[in-house]
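Reviewing the structure listed below.
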Amino acid sequence: MSELNIKRPKGTQDITPIEVNKWQTIEGVCKSTAEDYGFSEIRTPTFEDTKLFVRSVGDATDVVQKEMYTVTSKGDSEFTLKPEGTAGVIRAVIENGMLNEAFPQKLFYITQCFRHEKPQAGRLREFHQFGCEMIGTKSPIADADLIMLAADVLERIGINNTRLNINSIGCPTCRAEYTKALREYFSQHTDTLCDTCISRLEKNPMRILDCKSPVCSEIAKDAPVILDYLCDECKEHFDMLKCILDAMEIEYSVNPRIVRGLDYYTKTVFEFICDSIGAQATVCGGGRYDGLIRELGGADTPALGFAMGIERLLLAAKRSRAEFIDRLSCDIYLASIGKDALLVTAQLARGFRDMGFIAEYDIVGRSLNAQMKYANKIKAKFSAVIGDDDIKKGVIKVKNMETGEIDNLKLNENFYDRFSDVLNSYLFGDEFALD
RNA sequence: GUGGGUAUAGCGUAGUUGGUUAACGCGUCAGUUUGUGGCACUGAAGACCGUGGGUUCGAAUCCCACUACCCACCCCA
């Protein structure tokens, strides 16, 4: 081994084939569920103008202040690797004139995101999000529909131990009111609040509600509750949402403590929590962001969305013992005896592959015994041993690796179709059995 | 950025009054077995025992520092 020892950067991960299999299962469920709900996929750049995130996520947030991977490239303006998915999607929607298309626009994405954080269970520096955005509807029915979509994704993956928390953080008008009340309340406790909360008092007192410090959370218990400060419109919106969720029989609890850490949220916020995956338990987070599109220069348009961390979904799925489909295994392994036969197996393999079968032959130069052992190891469904005799006779013995039975297949124009029948009978029973 | 834990082959582990050549299981490769795999047996490759220093005649083992990883705070998906 060389002395050069290059390891992957902190907070990144290699996804090996056996894991990729699980990823694809989860991504597949995300995609197909979103599509069932009428969402279309959108893909946006991995990096964006830094100003996009400062503007949308908020310059006072931790994400923007200390977690962004920002680079300057050859004198161009500053770019940042996307720390979340919504900003880029909204930028793209505006930039591509999609606000002129039929509302609601319903978009989903699966993308990697980057945040410079200290890694731990369920938290990486490069991670992956599945997100859905609904643009152009202010109705609480949309909120409920979106939550239903998220719940369905979790259910279809096989995650069965989550709980849903919802809250409303109001619109800028009622939130200003509430913030004022919070400041008044927490100001009485400046002697006991933790240092970060003291600084939050000016910047964003709502975040104090989120503080996990025992002292702060004790004080926060008796703090004014946002729900008491909602304006009529916001209150009605939230009440409607709860009604619809009840009608849809989606279980939730109202948690006035949940406050999203991204500045763009308004009115509805929600999260799905999974307690069995460690401290980073939020498996899905989302809400309404009615002001964001205008903030980014588009026409004033209401919108909402959520994101799920794929890594966390995977952890939760494993905890729920969700089932994953096995990797596709070899349909037929073609063992050969001798050089001439090897060339024949190569041709046969190509024929099988053209038919859409997974076919392999010996590209290592192994003994017959070793070839068979390999066929077994890669879980080949069938094998065939091909030597000079077989070529002469034009008949190939195909072995069912599970039962050990051997069938003869004539090497004629129907050969591949015949194998297809054999394989189908193996996979689906006797319906396709050879006569 | 702040704490706590861990560090022995590809993976999982054993290895304390400090004592020869660091052990075991799985996996990998080969052979027994060039007309048929799974089982079995035999053999091989693979470890600067995380890095650096210290104590000692002697360190995987004791001490110190560092690093990496994991977990938690924080933050969030």
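Residue numbering restarts at 1 for every chain, and letters A, B, ... go by the order of the sequence lines.
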Identify whether any heavy atom of A/Gly285 sits under 4.0 Å from a base atom; if not, whether one sits that close to sugar-phosphate; answer base, sugar-phosphate or nothing.
sugar-phosphate
pair_partner(B/rG43), Watson-Crick or wobble, both distances < 3.5 Å, evaluates to B/rC29
For nucleotides 68-71 of chain B, give me every protein contact, N/O to N/O, under 3.5 Å, one pair per line with atom names.
residue : atom : partner  : partner atom : Å
B/rC69  : OP2  : A/Lys10  : NZ           : 3.1
B/rC71  : OP2  : A/Ala121 : N            : 2.6

Check this one for me: any side-chain N or O of A/Lys377 less than 4.0 Å away from OP1 or OP2 of B/rC29?
yes
Looking only at heavy atoms, the pair that brings A/Phe114 and A/Phe127 closest together is N-CE2, 4.1 Å
Side chain of A/Lys397: nearest nucleotide among B/rA77, B/rC76, B/rG35?
B/rG35
From B/rU36, B/rG37, B/rG35, pick the nucleotide closest to the side chain of A/Ser383?
B/rU36
Who pairs with B/rC24 - Watson-Crick or G-U, where each distance is under 3.5 Å:
B/rG12
Neighbours of RNA chain B within residues 366-375 of chain A, by heavy-atom distance under 4.0 Å:
A/Arg366, A/Ser367, A/Leu368, A/Asn369, A/Met372, A/Lys373
Between atom CG in A/Leu342 and atom C1' in B/rU34, what is the gap in whole Å?
14 Å
Looking at B/rG52, which nucleotide sits across from it as a Watson-Crick or G-U wobble partner, both distances under 3.5 angstrom, or is there none?
B/rC64
Over all strands shown, is A/Leu313 touching base, sugar-phosphate only, or nothing at heavy-atom distances under 4.0 angstrom?
nothing
Quick check: does any side chain N or O of A/Glu84 sit under 3.5 Å from a backbone N or O of A/Ala87, one acting as donor and the other as acceptor?
yes
Closer than 3.5 angstrom, by distance alone: can the side chain of A/Asp331 be matched with the main-chain N or O of A/Ile358 as a donor-acceptor pair?
yes
Any strand, both distances under 3.5 Å, Watson-Crick or G-U wobble: B/rU2 pairs with B/rA72
